[in-house]
Amino acid sequence: MKGRFGSYGGQYVPEIVMPALMELEAAYEQFRDDPKFLADFDFYLKQYAGRPTMFYAADKLTAHYGRAKIYLKREDLLHTGAHKINNALGQAILAKRMGKSKIIAETGAGQHGVASATAAALFDMDCTVFMGVEDIERQKLNVFRMKLLGAEVHPVKSGTGTLKDATSEAIRYWATHVTDTYYLIGSVVGPHPYPTLVRDFQKCIGQEIRADSIKTFGRLPDYVVACVGGGSNAMGTFYDFKDEPAVKKIGVEAGGRSDAVGDNAKTLSGTGRPGVLHGAYSYVLQTDVGQIIEAYSISAGLDYPGVGPEHSFMKDAGVAQYVAVTDQEALDGFKLLSRLEGIIPAMESSHAIAYLDKLMPSTTADEVVVVCLSGRGDKDVQMVARAMGVEI
Amino acid sequence: MTRLEKKLAALKSEGRKGLFIYITAGAPDIETSVKAMLEAERAGADVIELGIPFSDPLADGPVIQESSVRAIRNGMTVEGVLKIVREIRKSSEMPLVAMGYINNLLSYGFSSPPTHPQQFSTVNDQEALKASAGHYDGFEKFVVDAKAAGLDGVILPDVPHEESSAMREISKRNEFHLVEFITPVTTVERMRETCTDADGFIYCVSNTGVTGVKELDFSVINRVAREARQFTSTPMAVGFGIGNAASAVSAAVETDGVIVGSAVVRRLLDGQFDEAMALIRSMRDALDQHYRN
C-alpha cells in the first residue's frame, strides 16, 4: 500500500492538509530521480555540510572493551553539529523547488531547529521553529542560535511543552497556512511522504558506512548501532543494510530514569504498542485507553513517545533490534567517549555509545561494530554538568 | 434510517437549517457536560456531537485543547462517552454523534499487555506483520458497542478519505455513520470521491485551520458546498469558526446546517452554563428567522 511499511505509516491527518501532502508527494516523485536536484543536494552536502563524514577507527574504545573493532561514523563533525542538517538541506532545496518561501519546523533539543534555521538562511527563506516552553528553557543556547540565524522561535505552551506538543502545534499552524508554507519535519515520523522523504535524505549515512567499510576492512560491518528517538539517524544508518541480515542493526532508545510509565522513551523496546500519533500508524507510548504518554529522557532529542513507522516495520519484521539504555548509562557513555577518544558526544548519541557496554562482551575480535555518532555534545555540556552536580 | 438521517430529512422538509452542538464529554466535569447536552436539545440543538477527549487533538484550537485536558483529568474515556450516550437515551431520541481521534478508538477494548519478541531473524516475519494488520479491530468493537448504546455515528478529524475505506466498510455494515470532510482546499476529484462515499452528513470545514478561529468569511465554504452539491444529496453542515448567531446565519447559506463547538465549550469551561444555552437559543432563533419559509 502507498506510504505504508507493512501496516505502518499512512496519512492520519486533517483533510485540510491532505492537498499539501499530495503536492509534496508529487514534487518529491518528480525530483527524487532528477539529476539536477540530486546534484544540488549532493553539492550542499559536500561543500556546505561537510560530507562524507569521517569513518573513525576508535582504537582506544576498541582496546577498552578488547573485543570487536569499533568505528565511529562522525555525523557530529557536520556543520551545525548533527546529522539533522542532511535532511534540512534536502527538504529546503525541495521546498525552494516547490516555490515555497516559508518553512516551519518543530524541534525538541533544538538541533533540527538550528539545522532548519541554517537552511532557511542559506536559501533565503522565512523560518518559524515551534519549540515547547520546557525545551526552550532547557536548550537556551540553541534558541539563541536559531534567532541569530534569523528564525522566529514560536513557544508552545500546550501539553507539557516538549517535542510532542511542538510537533502538534506545527501541524496545526501548517493547517492554517497550508498554501504558502512548507513543513520541514525533522525525523522519519509524520504522515506519508515524510518518513520516506526524510529517510532518503538521511540514507547517505549508511551508504557511506558501506563504502568506508569495504575500503577500510574489505567487507560489511557485523553490527551498526544508532540511537532512536523519532529515528532519523538510525534509519539513515540502517536503510542501506536493510537487505543484509549479516549486518545486525541495533536501535538504542532512551531508558530514562526507570521503566515506570512516563519515565522513559522506550517506544519500541518497552511498553509501546501500535497506534496513531502525528499522522502515522506506528508504535507509540500510550495508556490502555489510547492517550499518548509523555516520554522522558535526559536527552531532549530522544524524549518522543512515537517512532518512525518504518522502524515499527523493521521491529516486527525482525530487520532491526531495539534496545534501551538508562540516563545513567548514557551519562557514563558520554564521559567514556570524552575521556578515551577526546570526542564529546551528544547525549542522544551517548545512548548508542553506552549500549557498547552490553553489546561488546558478546562480540569477538574479528568482528566490526559501527556506531553512528549522530551529534556533538557541546549543547549538552551545561546539562551534563548539572547532572554531575557541578556548577559552571 | 438512523436518528440522524430522520432528523436531517425532517429539517429539510421544513426548510430549516440544522444546529449541531459540540460538547466535550467530561468537561468542565462529567455531570455538567451531560446536563449541557440535554439542555442544548431544549435550547434548540438538533444534533449533539459528544467530544471524545484526546491527549493530542491535532485539528483543535486552544479551547477544545483545554476542554480535552480537563476531560481526561476527569477520567473521560471512549467507554465513558458510551455511558453518557446510554444515559441520554433514557430521555432523548435526538441524534448523537461522537467526535474524536482515531487513536482512542483503535485502543477501544484493549486490555492485555503487549509482548515484545526481541530476536534477529533473517526473513521478514509474516506472522508478525499479519498480526499488526488487524489494527481496526478496536474500531470495529467501538462501532458495535456505540451502535448498541444509541450513538448514530462518529467524526474523526484525523482520518481523511484516503485512510477511511476499512473503517467506512465497518461502519456501513453496522448502519453507523463515519462522517467525511471537505474543505476549501479539497480538489474537485477528491471532492467527488468523498461525496460519493459520504454517509450521514458531510462536514464542511469553513477555513484552512483548526477549531475555534473567530471572524471568518464564509463565502468560500459556501462556494465549496455549492460545488460539492453536484456530487451528492447527503446533507452538509459547516463547522469551524461559528461563534455567534450572525456567523451561523452566514455560514449556513448553501448547506443544511452549522456546527458550533468552541464558542459553547468556552462558556462551559468558564462556568457560564446559562450563557452557553442562551447562545444556542440565539443561534436557533436566528437560523429559523432567516431560513424558515
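Each chain gets a letter, A, B and so on, in the order its sequence line appears, and its residues count up from 1.
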Heavy-atom pair of closest approach, residues [X] and [Y]:
X: Pro57(B); Y: Arg172(A); answer: O-NH2, 2.7 Å
X: Gly290(A); Y: Ser107(B); answer: CA-OG, 3.3 Å
X: Pro160(B); Y: Glu15(A); answer: CB-OE1, 4.1 Å
X: Lys164(A); Y: Ser55(B); answer: NZ-O, 4.2 Å

By a 4.5 Å heavy-atom criterion (distance strictly below it), what part of [X] contacts chain B: side chain, backbone, both, or neither?
X: Gln286(A); answer: side chain
X: Glu244(A); answer: neither
X: Leu277(A); answer: side chain

Subject >> Phe54(B), part contacting chain A, at a heavy-atom distance under 4.5 Å >> reply: both

Original post:
Tell me, side chain or backbone of Thr77(B) under 4.5 Å from chain A's heavy atoms, or both, or neither?
Top reply: side chain

**OP:** Apply salt bridge (Lys or Arg N to Asp or Glu O under 4.0 Å) to the pair Arg4(A) and Glu162(B), showing each step before the final yes or no.
**Re:** CA-CA 13 Å; Arg4(A) 294 275 181 171; Glu162(B) 279 70 10; over 6 Å; no

Original post:
Between Val78(B) and Val289(A), is a side-chain contact (heavy atoms from CB on, under 4.5 Å) present by the stated rule, with each step listed?
Top reply: CA-CA 8 Å; Val78(B) 177; Val289(A) 296; over 6 Å; no

Original post:
Are the side chains of Glu163(B) and Met18(A) in touch, meaning some heavy atoms are under 4.5 Å apart?
Top reply: no

**OP:** Count the heavy-atom pairs under 4.5 Å between each of Leu105(B), Thr194(B), Asp56(B), Thr183(B) and chain A, then report the option with the highest count.
**Re:** Asp56(B)

Subject >> Tyr12(A) backbone acceptor or donor facing Asp158(B) side chain under 3.5 Å >> reply: no

